[in-house]
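First the structure, in the form of structure tokens, and then the observations on it.
Letters A, B, ... are given to chains in the order of the sequence lines, protein chains preceding strands, and every chain is numbered from 1. Here the structure is a predicted model, which means the values were calculated and not measured.
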Amino acid sequence: MAAPRETKRKAGTRKKKDPNAPKRALSAYMFFANENRDIVRAENPGISFGQVGKMLGEKWKQLSEDEKAPYDAKAGADKKRYESEKQLYLATKA
DNA sequence: CCCCTGATTGTTCCT
DNA sequence: AGGAACAATCAGGGG
């Protein structure tokens with residue numbers, strides 16, 4: 001129960017932003033969504049974000065580890081991207 | 001020593 | 001321009 005998944009987590013305690021704030025890396029879902037947005041919507045022409053957004057999440061988890069592997073793999077690659085800025089951010093800020 | 005929480009990322013859709 | 005569901009992700013600070 002560490003993180004209540006209410007969607008849009010933004011309780012109250014706001015952390016202090018950093019000077020260079022290395023924003024963070026994308027998530028496997030981001031890469032997956034990149035490929036699904038055109039696919040899902042292509043199969044459901046005319047459906048609004050409410051339908052696509054929700055359905056995307058269900059499909060995302062329904063995927064197999066190997067299916068999401070490429071997305072997760074990209075997540076790891078993007079993480080490295082963020083890692084470099086993070087390291088620089090720490091180097092410059094320190 | 002150990003834990004948590006917040007912040008962030010990107011998509012789509014609409015007003 | 002931003003918000004909201006959908007999911008993952010990480011880092012740092014505090015007791």
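- Minimum atom distance to the side chain of A/Ala33 is reached by B/dT11, of the listed B/dT11, C/dA11, C/dA8.
- Rounded to whole angstrom, the span from the NZ atom of A/Lys86 across to the P atom of C/dT9 amounts to 15 Å.
- Considering only side-chain atoms of A/Ser27, the nucleotide from C/dC6, B/dG10, C/dA7 that sits closest is C/dA7.
- Using a 4.0 Å cut-off, no side-chain N or O of A/Arg41 falls inside it from OP1 or OP2 of B/dT12.
- Between A/Lys23 and B/dA7, a side-chain N or O to OP1/OP2 separation shorter than 4.0 Å is absent.
- Between A/Tyr29 and A/Ala25, the residue anchored closer to the 5' end of DNA chain C is A/Tyr29, taking for each the nucleotide with the nearest heavy atom.
- Side-chain proximity of A/Phe49 to B/dT11, C/dC6, B/dT12: nearest is B/dT12.
- For the pair A/Asn44 CG and C/dC6 P, the computed distance is 16 Å after rounding to whole Å.
- One interatomic measurement links the two molecules: CD of A/Gln51 to P of B/dC14, which rounds to 11 Å at whole-angstrom precision.
- Distance, A/Glu65 CD to C/dA8 P: 10 Å, rounded to whole Å.
- A/Ser84 and A/Gln87 share no donor-acceptor pair across their side chains, judged by distance under 3.5 Å alone.
- Rounding to whole angstrom units, CD1 of residue A/Ile47 and C1' of C/dC6 are separated by 13 Å.
- Using a 4.0 Å heavy-atom distance criterion, A/Tyr82 is classed as a sugar-phosphate-only contact.
- Ranking C/dA7, B/dT11, C/dT9 by closeness to the A/Asp72 side chain, first place goes to C/dT9.
- Within the nucleic acid shown, A/Asp78 has no heavy atom closer than 4.0 Å to any nucleic acid atom.
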